[in-house]
Amino acid sequence: MGEMIENVNFTTSSAISDFLKKTPAQDIINWGRKNSLWFLTQPMGCCGVEMISTGCSHYDTDRFGIIPRDSPRQADVIVISGYVTKKYLPALKLVWDQMPAPKWIICMGDCSISGGPFYESYSTVQNIDEIFPVDVFIPGCPPRPEALIQGFIELQKKIMAKKDIGTDY
Amino acid sequence: MIDADYILSSLTKTFPNDFSESKIESDTKLTSYVEKDAIFNVCKHMLDNLECNHLSCECGVDYPDRNELEVVYHIASYEHPVVITLKVKLPRDDPEIESIVSVYWNANWYERETYELYGIMYKNHPDLKPLLLIDEMLGDWPLRKDYDGYPNKTSKNLV
Ligand code: SF4
């Protein structure tokens, strides 16, 4: 910090951010965040195919600000779309860590919620929500693209209500 | 014309003592048990002399009642329509067999998977390590029928 100037109060960016969280300015920030939920194209099971088709032009998710991205560095949302095998879990954690905050997770399909058809399998991981902070669960095997869009809209509602787990208010 | 009859007679002529319970189901289907020490040379003979140039599958089967494991080879050809099923019996407590990777290159991953799921050891395999499972699960042999996976090694939130 440079030389102190008389009658001027210095502050830090984290202090500003803490202050903003308590004012209506956060509502405006959240309004911006909820309208640009870019999700990571990271298909993992058969649900992943539904996720890909959701991102295609037919469903026109751009109107909600939902756009598929190829890199975790550009994504806000990761959709766990299918079974997570024990071998894949470390890679998934790495991808999650590479995403810049604020970030959110959506669990899509029975597999990622509780194991689904692979409930008693020796090689899949159960209870993803104990490992990642999951905001929205979408049941189905697989859920239709409309259901995934519904899930995104629920996430938007949660963000506007400041109830999402991804950010701490 | 190469058909199942021709292949079986060629095999039994070359390896008189190694084939048992041979069965010709049709012109194009042949099933037989092979002695485990002979399998490498049998595969080599089939590739070199019988134009069986496609290993379509290699897998394991567990028979706990007989205290045996079986390795099953499905070998086919791009030149003629015969599909040959060869089975090898192995003792359950020490299943060890010669790897056929140097004959059929694509046996590599099949053997790695059969190894991690059944615990069948392949001698002279270039790189015998787990393919789909994590290293910590080695030794569990999940596809053996006495695997005590559920609930100890699978879901923990049940009951
Ligand atoms: S929930 Fe069903 S559709 Fe989705 S990944 Fe699992 S098995 Fe496939």
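In what follows, chains are A, B, ... by sequence order, proteins preceding strands, each numbered from 1.
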More than 12 heavy atoms of other residues, nucleotides or ligands under 6.0 Å from [atom1] of [X]: is that the case?
X: B:Lys123; atom1: NZ; result: yes
X: A:Arg73; atom1: CZ; result: no
X: B:Tyr6; atom1: OH; result: no

query = What about A:Phe39 and A:Val95, same hydrophobic cluster or not, with Ile/Leu/Val/Met/Phe/Trp/Tyr joined at side-chain heavy-atom distances under 4.5 Å?
reply =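 No; A:Val95 is not reachable from A:Phe39 via cluster members.
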query = At their closest point, which heavy atom of A:Lys87 faces which heavy atom of B:Leu133, and how far apart are they?
reply =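 Heavy atoms only, the tightest pair is NZ-O, 3.6 Å.
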key: Distance, nearest 0.5 Å, that separates CG of B:Asp140 from OG of A:Ser123   =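 The OG atom of A:Ser123 is 11.5 Å from CG of B:Asp140, to the nearest 0.5 Å.
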request  = Using non-hydrogen atoms and a 4.5 Å limit, figure out which bit of B:Leu143 sits close to chain A: side chain, backbone, both or neither.
outcome  =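 Just its side chain gets close to chain A.
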